[in-house]
Amino acid sequence: MGGYAESVRERVRAARAAVATAASADDAYALAVAQDELDDALRIAHNVGIDPDPDPDPDPDRGFGPGSQSGAPA
């Protein structure tokens with residue numbers, strides 16, 4: 001599912017960028033459309049079990065990732 005997961009993550013990234021652009025342009029219509037797209041992309045990611053914001057290089061010193069004992073922040 002690697003390719004599909006990456007395409008879902010890319011859709012989320014693009015939608016977040018569109019939301020930021022519309023918000024900075026103070027364009028209410030574009031913001032509503034972009035927010036709908038973001039909501040849809042996040043819903044899809046959630047429904048298929050894809051983390052839209054994976055940490056590709058977890059920092060074991062922070063207490064997260066495979067090197068941590070508890071999974072909680074250190």
Peer 1: If you compare all heavy atoms of Leu31 against all heavy atoms of Val19, which two are closest, and at what distance to 0.1 Å?
Peer 2: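 It is CD1-O, 3.6 Å.
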Peer 1: Which residue pairs pass the side-chain hydrogen bond (donor to acceptor under 3.5 Å, both in side chains) test with at least one member in residues 25-39, sequence neighbours excluded?
Peer 2: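 Only Arg11-Glu37, Gln35-Asp39 qualify under side-chain hydrogen bond (donor to acceptor under 3.5 Å, both in side chains).
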Peer 1: If I take atom OG from residue Ser7 and atom CD1 from residue Ile50, how far apart are they, to the nearest 0.5 angstrom?
Peer 2: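 These two atoms lie 7.0 Å from each other.
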Peer 1: Going by the rule side-chain contact (heavy atoms from CB on, under 4.5 Å), which residues pair with Ala18 if we only count those two or more places apart in sequence or in a different chain?
Peer 2: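 Per chain and number, Ala18 pairs via side-chain contact (heavy atoms from CB on, under 4.5 Å) with Ala34.
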Peer 1: How would you list all residue pairs meeting salt bridge (charged side-chain N to carboxylate O under 4.0 Å, His left out) that involve residues 14-23, not counting sequence neighbours?
Peer 2: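 Found Arg16-Asp53.
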Peer 1: Identify the heavy atoms of Leu42 and Val12 that sit nearest to each other, and give their distance.
Peer 2: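 Taking Leu42 first and Val12 second, the nearest heavy atoms are CD2-CG1, 3.9 Å.
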